[in-house]
Amino acid sequence: MSSSIETTAGRRGRLVTFEGPEGGGKTTQARFLAEALREAGLTVLTTREPGGTPLGEIVRKILQNDLAGEAPCDAAEALLFCASRAQLCRNVIAPALERGEWVVLDRFTDSTLAYQGYGRGFSVDTLRTLNEFATGEVKPDLTILLDIPVKDGLSRALARSGSKDRIESAPTEFHERLRGGYLELAASEPERFETISAAGTPDEVRARVRDAVRRHLGI
């Protein structure tokens, strides 16, 4: 079912998600796209995963920085991501789409498939079931995959923050697996995914993203 929920007024919301390995510039490009859509006269909500709600932001701190004082096991990690996602979908994303707004989201369900599925080794089919339970009827209309080689992406991430969080500190092999997983997911759903090179300047990548949104969504 599409996330383009038609309201009684006939308006239609759209959900655009940004995905990719660490250091691909998802947050920056999501902000650029939201600005462009607002300039086009649309009402746009931006949010992120994990996070986007008070509960979700606490989950984010647990996942990134071991806020609880112990690292979550791999299964707990997957479930915490889905818990944050359920809260965000029900309290933020679905209501915005029903109001006819566009939602630009920094990470969504594909992150769980890439990181916990391909990266951690959990069953992708099981994770899809968990995603469906967490999201209900909310599905992306377009997913922008910002692809970058693992070494380059991790170097960018370190230069940005000056330190590595818990997930960025995972072995290189983990990051290689999840990058490969992303590319496999994109190849399996070409009607939803647009894979874009994250190489180059932010403005160069922004132009590629805008072209992709015009092609897929006509705006």
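FYI, the numbering just counts along the sequence from 1.
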Please confirm whether the backbone N or O of W102 pairs with a side-chain atom of R14, one donor and one acceptor, at under 3.5 Å?
no
Between L178 and A114 the two heavy atoms that sit nearest each other are CB-O, 3.3 Å
By salt bridge (charged side-chain N to carboxylate O under 4.0 Å, His left out), E204 pairs with (sequence neighbours left out) none
Side-chain heavy atoms under 4.5 angstrom apart, residues restricted to Ile, Leu, Val, Met, Phe, Trp, Tyr: same cluster for L183 and V209?
no
Got a sec, which residues hit side chain to side chain donor-acceptor pair (under 3.5 Å) with R208, two or more places apart in sequence or on another chain?
none
Side chains of R166 and P72: does their closest heavy-atom pair fall under 4.5 Å?
yes
Could you tell me whether the side chain of H216 reaches within less than 4.5 Å of the side chain of E191, counting heavy atoms only?
no
Give, for atom CZ of R160 and atom OG1 of T28, the distance between the pair rounded to the nearest 0.5 Å.
8.0 Å
Does T53 form a side chain to side chain contact (heavy atoms under 4.5 Å, CB included) with E57? I'd like the steps, not just the answer.
CA-CA 6 Å; T53 66; E57 290 299 325; over 6 Å; no
What distance do L88 atom CG and T135 atom OG1 have between them, rounded to the nearest 0.5 Å?
11.0 Å
Write down the atom of A212, the atom of I196, and the distance for their closest heavy-atom approach.
CB-CD1, 4.0 Å
For P190 and A187, work out which heavy atoms get closest and say how close.
CD-O, 3.5 Å
If two hydrophobic side chains count as joined below 4.5 Å and joins carry through other members, does V104 share a cluster with V92?
no
Tell me which pairs pass side chain to side chain donor-acceptor pair (under 3.5 Å) where either residue lies in residues 84-94, with sequence neighbours left out.
E49-R85, R85-T112, R85-N131
Donor-acceptor list for residues 32-40 side chains, cut-off 3.5 Å, not counting sequence neighbours:
residue: R38; atom: NH2; partner: V44; partner atom: O; Å: 3.0

Using side-chain heavy atoms (C-beta onward) and a distance below 4.5 Å, is Q29 in contact with I144?
no
Starting from V213, can I reach L105 by hopping between I/L/V/M/F/W/Y residues whose side chains sit under 4.5 Å apart?
no
Is there a path from L63 to F174 through hydrophobic residues (I, L, V, M, F, W, Y) whose side chains come within less than 4.5 Å of each other?
yes
Evaluate D110 against R192 for salt bridge (charged side-chain N to carboxylate O under 4.0 Å, His left out), listing each step before the verdict.
CA-CA 12 Å; D110 297 299; R192 173 168 70 88; 2.8 Å; yes
side-chain contact (heavy atoms from CB on, under 4.5 Å) involving K164 - partner list, sequence neighbours excluded:
L158, E168, S169
I'd like to know whether D74 forms a side chain to side chain contact (heavy atoms under 4.5 Å, CB included) with Q116, so could you lay out the CA-CA distance, the side-chain angles of the two residues, the decisive distance to 0.1 Å, and finally the verdict.
CA-CA 8 Å; D74 292 348; Q116 282 70 52; over 6 Å; no
Partner set under salt bridge (charged side-chain N to carboxylate O under 4.0 Å, His left out) for R128, not counting sequence neighbours:
none
Distance-only check: which donor-acceptor pairs under 3.5 Å involve side-chain atoms of residues 146-154, not counting sequence neighbours?
residue: D147; atom: OD1; partner: R179; partner atom: NE; Å: 2.8
residue: D147; atom: OD2; partner: R179; partner atom: NH2; Å: 2.8

With sequence neighbours excluded, tell me which residues meet side-chain contact (heavy atoms from CB on, under 4.5 Å) with E70.
none
Ignoring hydrogens and angles, write down the donor-acceptor pairs under 3.5 Å from the side chains of residues 15-26, residues two or more places apart or on other chains.
residue: T17; atom: OG1; partner: T143; partner atom: OG1; Å: 2.8
residue: E19; atom: OE1; partner: S111; partner atom: N; Å: 3.4
residue: E19; atom: OE1; partner: S111; partner atom: OG; Å: 2.5
residue: E19; atom: OE1; partner: Y182; partner atom: OH; Å: 2.7
residue: E19; atom: OE2; partner: F108; partner atom: N; Å: 2.8
residue: E19; atom: OE2; partner: S111; partner atom: N; Å: 3.4
residue: E22; atom: OE2; partner: Y115; partner atom: OH; Å: 2.6
residue: K26; atom: NZ; partner: P21; partner atom: O; Å: 3.0

If we only count heavy atoms from C-beta on, is the T27 to R48 side-chain gap below 4.5 Å?
no
Where P95 and C89 come nearest, the two heavy atoms and their spacing
CD-O, 3.8 Å
Of all the heavy-atom pairs spanning R156 and A199, show the shortest one and how long it is.
NH2-CA, 4.0 Å
ILVMFWY cluster, L145 and L127 together (side-chain gap under 4.5 Å)
yes
Sequence neighbours excluded, which residues qualify as side chain to side chain donor-acceptor pair (under 3.5 Å) partners of D203?
R206
Shortest non-hydrogen contact from E184 toward Y118:
OE2-OH, 3.1 Å
Among residues at least two apart in sequence or on other chains, which ones pass side chain to side chain donor-acceptor pair (under 3.5 Å) with Q64?
none
With sequence neighbours excluded, what pairs up with E176 under the salt bridge (charged side-chain N to carboxylate O under 4.0 Å, His left out) test?
none
